[in-house]
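Encoded as structure tokens, the structure appears first; notes follow it.
The basis for the numbers below is simple: all heavy atoms, side chains too, and nothing from hydrogens, waters or symmetry mates. Residue numbering restarts at 1 for every chain, and letters A, B, ... go by the order of the sequence lines. Model, not experiment: these values are computed from the prediction.
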2 protein chains.
Amino acid sequence: MDLRKLKHALALAETGNYARAGKKLFITQSALSRSIQALESELGMMLFERHSNGVRVTVAGQEVLAGARDLLRHANSLERNVALMRNVELGKLQFGVGPVPAHVLLPRVMSGAAREKPGLQVSVQIQSAAKLVELLRSRLNFLLPMRDNCLTTVG
Amino acid sequence: MDLRKLKHALALAETGNYARAGKKLFITQSALSRSIQALESELGMMLFERHSNGVRVTVAGQEVLAGARDLLRHANSLERNVALMRNVELGKLQFGVGPVPAHVLLPRVMSGAAREKPGLQVSVQIQSAAKLVELLRSRLNFLLPMRDNCLTTVG
DNA sequence: CTGGGTTACGCTCAACGTAACGATA
DNA sequence: TATCGTTACGTTGAGCGTAACCCAG
């Protein structure tokens, strides 16, 4: 059961017509026909009644397609979250910094971040160098530059 | 973004090792490696840190994989519902019947259904033949046999 | 003849297995 | 050397387009 075939079925249900649904999906009516057949075969049930003037969703199909709509919404939401995380507009940014640079840099950095990236959760670990290298392995995105080791791993 | 690749990533996250994850997925470690690379490329972010003794999920990867887990749960739920509907153990069964056979047959039919298929929602339309044929087009699974037309469409 | 769904045929590319490779302990 | 992950190479099958086909109005 893959998402593409479910999208195909939803488009067909919306239009009630293979040719129009195919247009929306940027595939031919023929390819869509086989895709729907494959889905129905895989699920072991007919989702559409074929008539001379188009198709109609079956009773069972209505239930399945309702679930498919939910699932695709869920998938789209995940994709959007990934896109947002990629742009560091959303998500959790966790980094570490030593005591001295923290005192100098943090006020500017944090206020700037809060202004420009309101969707970003920022959390800072102020620790010794040894502790920070340890933390970097497990839950930090990067370290601000410190005296002896200058790590800049972007997460 | 297809469900197969997400399953692959989750298996890898669980085992922390390509070979073991591949075993669980019934593919080779090589195929899994390329699948993960393709997913990371598609999402535009690294999900795993590669080390000499295996892999670890990145900070971003933890967020993505949490969403993937939800999504796959949702997909499995949909598949289970389809399987149940196929066996008429769950779902809504809607059928119509004329007044006379209703009086004779319904008591036996309904009590039998309630006993053997407790997960099944049954609803009956008792109507004239003309009304029932009309309803059959829109929301009934089948009609019980009537005087002149004997329709037995299983939904 | 037109507008709808299906079937036949051939192509392409994503996914795979095998095997060679590179790196690290 | 043993155990990781990656890369090279060839094969297979799902998915597609084109075109022929079938049926109803």
Side-chain angles (χ1 to χ4, degrees), chain A residues 1-58 60-61 65 68 72 75 79 133 136-138 153, chain B residues 1-58 60-61 64-65 68 72 75 79 133 136-137 153:
Chain A
M1 202 190 58
D2 77 302
L3 298 177
R4 185 189 324 109
K5 295 213 187 93
L6 295 181
K7 283 179 197 166
H8 289 180
L10 287 178
L12 180 56
E14 282 174 19
T15 63
N17 175 299
Y18 276 87
R20 282 194 293 271
K23 209 127 200 174
K24 286 178 64 170
L25 296 166
F26 302 103
I27 62 176
T28 63
Q29 163 259 24
S30 159
L32 181 57
S33 173
R34 283 167 308 196
S35 177
I36 298 295
Q37 284 176 41
L39 179 59
E40 290 180 325
S41 159
E42 186 181 336
L43 299 182
M45 54 172 63
M46 295 299 261
L47 302 176
F48 299 94
E49 298 164 9
R50 277 73 166 175
H51 297 111
S52 60
N53 59 337
V55 299
R56 180 185 303 114
V57 182
T58 63
L65 291 181
L72 287 174
E79 276 185 338
V133 172
L136 181 61
R137 299 197 157 276
S138 58
T153 309
Chain B
M1 202 189 57
D2 75 305
L3 298 177
R4 185 191 328 110
K5 295 214 187 93
L6 295 181
K7 283 179 197 165
H8 290 179
L10 286 179
L12 180 56
E14 282 175 18
T15 63
N17 175 300
Y18 276 87
R20 283 194 292 272
K23 210 130 201 172
K24 287 178 62 168
L25 296 166
F26 302 103
I27 62 176
T28 63
Q29 163 259 24
S30 159
L32 181 58
S33 173
R34 282 168 308 197
S35 177
I36 298 295
Q37 284 177 40
L39 178 59
E40 290 180 325
S41 160
E42 186 182 335
L43 299 182
M45 53 173 63
M46 295 300 260
L47 302 176
F48 299 92
E49 298 165 8
R50 277 75 166 173
H51 298 112
S52 60
N53 59 337
V55 300
R56 180 186 302 116
V57 182
T58 63
V64 175
L65 291 182
L72 287 174
E79 276 185 338
V133 172
L136 181 60
R137 300 197 155 276
T153 309

>> Need to verify one output field. Residue with the more 5' nearest nucleotide on DNA chain D, B:Ser33 or A:Thr28?
In response: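 Residue closer to the 5' terminus by nearest nucleotide: B:Ser33.
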Nucleotide N/O of nucleotides 9-11 of chain D paired with protein N/O under 3.5 Å:
{"unit_1": "D:dC9", "atom_1": "N4", "unit_2": "B:Arg34", "atom_2": "NH1", "d": "3.4"}

> Between D:dT6 atom P and B:His51 atom NE2, what is the distance in whole Å?
Replying inline: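 Going from B:His51 (NE2) to D:dT6 (P), I get 12 Å.
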>> Among residues 3-16 of chain B, which ones have heavy-atom contacts with DNA chain C below 4.0 Å?
In response: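 Output list: B:Arg4, B:Lys5, B:His8.
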>> Taking any atom closer than 4.0 angstrom to a non-hydrogen atom of chain A, what span of DNA chain C does the protein reach, first nucleotide to last?
In response: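 Terminal contacting nucleotides, 5' to 3': C:dG4 to C:dC9.
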> side-chain contact (heavy atoms from CB on, under 4.5 Å) with B:Arg20: which residues, sequence neighbours excluded?
Replying inline: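 Scan of B:Arg20 (side-chain contact (heavy atoms from CB on, under 4.5 Å), adjacent residues dropped) gives B:Thr15, B:Asn17.
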>> Under 4.0 Å, heavy atoms only, any strand: does A:Phe48 hit a base, just the sugar-phosphate, or nothing?
In response: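 The answer is nothing, as A:Phe48 stays clear of every strand by at least 4.0 Å.
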Where do [X] and [Y] come nearest, in terms of heavy atoms and distance?
| X | Y | result |
| --- | --- | --- |
| B:His8 | B:Ser35 | ND1-OG, 2.7 Å |
| B:Ala38 | B:Lys5 | CB-CE, 3.9 Å |
| B:Met45 | B:Ala60 | SD-CB, 4.1 Å |

>> Between the opening five pairs and the closing five pairs of the helix from C:dC1-D:dG25 to C:dA25-D:dT1, how far apart are the helix axes, to 10°?
In response: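 Axis-to-axis angle, ends of the helix: 10°.
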> So how far is it from B:Leu25 CG to B:Lys7 NZ, rounded to the nearest 0.5 Å?
Replying inline: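 That separation rounds to 9.5 Å.
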>> Counting only heavy atoms and a strict 4.0 angstrom limit, can you tell me which residues of residues 35-43 of chain B come near DNA chain D?
In response: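 Nucleic-acid contacts, sorted: B:Gln37.
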> Where do B:Phe48 and B:Leu65 land on the side chain to side chain contact (heavy atoms under 4.5 Å, CB included) test, with the steps shown first?
Replying inline: CA-CA 11 Å; B:Phe48 299 92; B:Leu65 291 182; 4.3 Å; yes
>> Reading DNA chain C from 5' onward, which residue's closest nucleotide shows up sooner: A:Ser30 or A:Gly54?
In response: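 On the 5' side of the pair lies A:Gly54.
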